Each structure stands twice: as structure tokens, then as C-alpha cells.
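Notes to accompany the following structure.
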Amino acid sequence: MNHPAAPAFVSSAADPFMPGPDQVAMLKERATFVRLETIRLIEIAKTGHYTSVFSAAETFAALYYDVMKLRRGEPGWSGRDRFLMGKGHAAVGLFPILADLGFFPTAWLDDYTRLGSPLGDHPDMRKVPGIDFSSGSIGHALSAGLGMALAGRHAGQDFTTFVMLGDGEMQEGQVWEAALSAAHHRTGRLIAIVDRNGYQLDGAVDEVMGIEPLDAKWEAFGWEVHTVDGHDVAALTALLRRLRADTARTRPVCVIAKTVKGKGVSYMETEPGWHLGYLAPDDAKRAIDEILAKDASQ
């Protein structure tokens, strides 16, 4: 995270983009950290979006602890890669990472959502160092990310812009307007990651409004498309490394990350109602025990 240029990858011998065993273990541990901190912070707030974070935990870990060009303790560095979340309600899982990278004091986490705290249920770029876009109103992040990518190119900067989108967000017309524009302007340094966990607030995405064939849709809009297991840290990181390193690409890229909403906690994986909620003490203990047990077995 302290590199001034492209990330210095810790790789396997066979594939320069595949992370080595120690790096994979570290990234898995960081995904566990995200899940545990999400539970702790929501304990403070008394309500929050557990499952939306848990499906994205490995993506957060891969981006912030490996793939993205960042400087520890320098959230305003102009050469940094940008990250925007359409699914801004998952910010509770991102805040612990930003604190861990020294972007703001870790003590801020202890006052999460309390009166006067800069950390709310959704990210605010005016208050939280390391947040590149204030999101939560679904559908806007890809447009903003496109603007950043175009601005970077105009300024002669080489940063990459990553935008995480929820799969329910694919129902928003503005997403497709931005997709059309990004392809037209040949923004090869723009990478969208769709967290394809299958659920949104009102239920199963494909029952609320079907979005498949998702890969063919993005391809038809002029994007390069890849599908990956969003919980396979090694495969996910290798793909994102490869895409980040390709500076000659002219087409924007969409990564469809196949994930499980609530991944890591069995009763959340099978109950869509945990999109927003609060864990009673016994449920919280069970969730923490399951997350730690899975981490120990990896």
C-alpha cells in the first residue's frame, strides 16, 4: 500500500498475477477482519447491512490490500486509484479498512453513527478521508466513476477507477447510460465490479426484475467482461491484478463477481431478510463463532 507506482505483487512462481500462498492467507484474514468489524460496528449502530458487506468482503480485501495503487496514511494522494460504491450501504465494511490504512483514526470506528461522528450508514466524501464518492442513492456511482476516469485521462494521470455495483443496481437506467458512454469514450482505465449475490432489499433480484444475461448485456454495451467467484480470493485477486496492469486496454471492463449474500454466516446465507437488521447477543455470538471457525480452517 505504500508504493508510489503500480502495486508490487507477491506472486506465485507459475503465474505472475496469481498471489502466492502467504498473500492469499493474508487476504482471507483481511476479509475475516471486515466481517468481524462489521458485526462490531453494527452493534454500536443497532441496525445495519450485514449481508451486503459479507458478499463483498473478499473484493474489499483484494482491492485495498493488494490491487489498488494507494499510499498508507495519504488518502488525498492525487495518484491513487479511485474506488466508488454504488451499494453505499456496505460502507460499514469499508470504514475499518480505511482506518487500518491510516486514512483516519481508528478511534472514529468506536463512535460509528453516533451524533457528531463522520461515519454514517452511507459514505460521505466530505467527511471521511479515503471515500471518493458519497453514495447510497443507487445508480449514480458508475457515472461519477466515468467522470473521474475521463478527468484522469485529461490530466495525464495513470490511476485506475474501480466501481462496485450491486446486482439490483443493474435495474437502474443511469447505470446503462454510463455504460454506453464509457464504451464510447474508450475508458480502458475504468473497471466495474458487479457484486452478483442474487438479492436486493425486496427479494431475489431476478424475481423483482430480471437482469440476465448480464454478461451479454455488458458485452453488447461495448465492455470487456469477466466472470469470477467473488469469494475465491486467489482467482479474484489474480483477475483484478491482470486487469489493473493492462494500461493499453481501450475498452472499459466489467467483472461479474458471483457471490453469496451473507457469506460466512450460515443462517444469513439462507435468509434474505438479513439485508438490514440487528443481531441479538446469541445470534451475534453464533455469527462470530462461525466466521472465526471458517477463518481457522482456511
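Predicted model, so just to flag it, every value in this text is computed and none were measured.
Listed for the W223 side chain is a donor-acceptor partner under 3.5 Å among the backbone atoms of A179. Looking only at distances, no side-chain donor or acceptor of S55 sits under 3.5 Å from a matching main-chain atom of T259. Judged by distance alone, with hydrogens and angles left aside, the side-chain atoms of E58 form no donor-acceptor pair with the main-chain N or O of K28 at under 3.5 Å. In this structure, the side chain of R241 engages the main chain of F17 through a donor-acceptor pair within 3.5 Å. Checked by atom type and distance alone, the side chain of D132 never pairs as donor or acceptor with a backbone atom of L84 at under 3.5 Å. Listed for the R72 side chain is no donor-acceptor partner under 3.5 Å among the backbone atoms of G102. At least one donor-acceptor pair under 3.5 Å links the side chain of E290 to the backbone N or O of S266. The backbone N or O of R71 sits nowhere less than 3.5 Å from a side-chain atom of R80 that would complete a donor-acceptor pair. In this structure a side-chain-to-backbone donor-acceptor pair under 3.5 Å is present from K217 to E212. With hydrogens and angles disregarded, a donor-acceptor distance shorter than 3.5 Å links the side chain of R35 to the backbone of F54.
By the 6.0 Å contact criterion, CZ on R186 is open, its count of non-hydrogen atoms from other residues, nucleotides or ligands being 12 or less. The environment of Y112 atom OH is dense: over 12 non-hydrogen atoms of other residues, nucleotides or ligands sit within 6.0 angstrom. Annotation for K294: atom NZ counts as buried by contact number, over 12 foreign heavy atoms lying within 6.0 Å.
The hydrophobic clustering, which links ILVMFWY residues whose side-chain heavy atoms are closer than 4.5 Å, places L276 and M268 apart. The hydrophobic clustering, which links ILVMFWY residues whose side-chain heavy atoms are closer than 4.5 Å, places L243 and V233 together. Hydrophobic clustering of Ile, Leu, Val, Met, Phe, Trp and Tyr side chains at less than 4.5 Å, counting indirect connections, keeps F133 apart from F103. In the hydrophobic clustering of ILVMFWY residues, with side-chain heavy atoms under 4.5 Å counting as a link, L240 and M164 come out together. Two different hydrophobic clusters hold I138 and M85 under the rule that ILVMFWY side chains link at heavy-atom gaps under 4.5 Å.
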_Run the side chain to side chain contact (heavy atoms under 4.5 Å, CB included) test on Y278 and Y50 for me, step by step, so that the C-alpha distance in whole Å, both residues' side-chain angles and the decisive distance to 0.1 Å come before the verdict._
CA-CA 8 Å; Y278 174 65; Y50 298 98; 4.0 Å; yes
*Are D66 and R244 close enough, and set up right, to give a salt bridge (charged side-chain N to carboxylate O under 4.0 Å, His left out), and what steps lead you there?*
CA-CA 11 Å; D66 188 289; R244 172 66 182 75; over 6 Å; no
*Show the numbers, then the answer: is there a salt bridge (charged side-chain N to carboxylate O under 4.0 Å, His left out) between D289 and K285?*
CA-CA 6 Å; D289 288 346; K285 182 180 184 307; 2.8 Å; yes
*Go through E43 and R40 one step at a time and tell me if the salt bridge (charged side-chain N to carboxylate O under 4.0 Å, His left out) criterion holds.*
CA-CA 5 Å; E43 287 282 334; R40 184 178 77 86; over 6 Å; no
_The test is side chain to side chain contact (heavy atoms under 4.5 Å, CB included); show your working for D111 and L119 and say whether it passes._
CA-CA 8 Å; D111 293 325; L119 306 180; over 6 Å; no
*Report the C-alpha distance between V67 and T160 in whole Å, list the side-chain angles of each, state the deciding distance to 0.1 Å, and finish with yes or no for side chain to side chain contact (heavy atoms under 4.5 Å, CB included).*
CA-CA 10 Å; V67 176; T160 296; over 6 Å; no
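The aromatic rings of W176 and W218 sit tilted relative to each other, their planes meeting at an angle between 30° and 60°. F83 and F60 have perpendicular rings, their planes meeting at more than 60° on a 0 to 90° scale where under 30° would count as parallel. The aromatic rings of H275 and H89 sit tilted, their planes meeting at an angle between 30° and 60°.
Residues Y65 and D100 bring a donor and an acceptor atom of their side chains to less than 3.5 Å of each other.
The residue from R189, R153, R82 that alone fulfils the side chain to side chain contact (heavy atoms under 4.5 Å, CB included) condition with F159 is R82. Partner of Q200 under the side chain to side chain contact (heavy atoms under 4.5 Å, CB included) criterion, chosen from E207, K87, Q171: Q171. For the side chain to side chain contact (heavy atoms under 4.5 Å, CB included) criterion with V228, the lone passing option out of L236, I256, T237 is L236.
Counting only heavy atoms from C-beta outward, the side chains of D158 and K69 approach each other to under 4.5 Å. Using a 4.5 Å heavy-atom threshold, the side chains of I131 and F95 count as touching. In this structure, the side chains of R249 and I191 come closer than 4.5 Å at one or more pairs of heavy atoms. Taking 4.5 Å as the limit, every side-chain heavy atom of V205 sits out of range of all side-chain heavy atoms of M170. In this structure, the side chains of Y267 and D283 come closer than 4.5 Å at one or more pairs of heavy atoms. Side-chain contact between L98 and P75 is absent, with no heavy-atom pair separated by less than 4.5 Å. T161 places none of its side-chain heavy atoms less than 4.5 Å from the side chain of T187. Contact annotation: the side chain of L279 approaches that of W274 to within less than 4.5 Å [non-hydrogen atoms, C-beta and beyond].
Considering every non-hydrogen atom in both D206 and I211, the closest pair reads OD1-N, 3.4 Å. Of all heavy-atom pairs spanning A257 and G230, the tightest one is CB-CA, 4.0 Å.
Evaluation of the salt bridge (Lys or Arg N to Asp or Glu O under 4.0 Å) test over residues 173-183, restricted to residues two or more places apart or in two chains, returns none.
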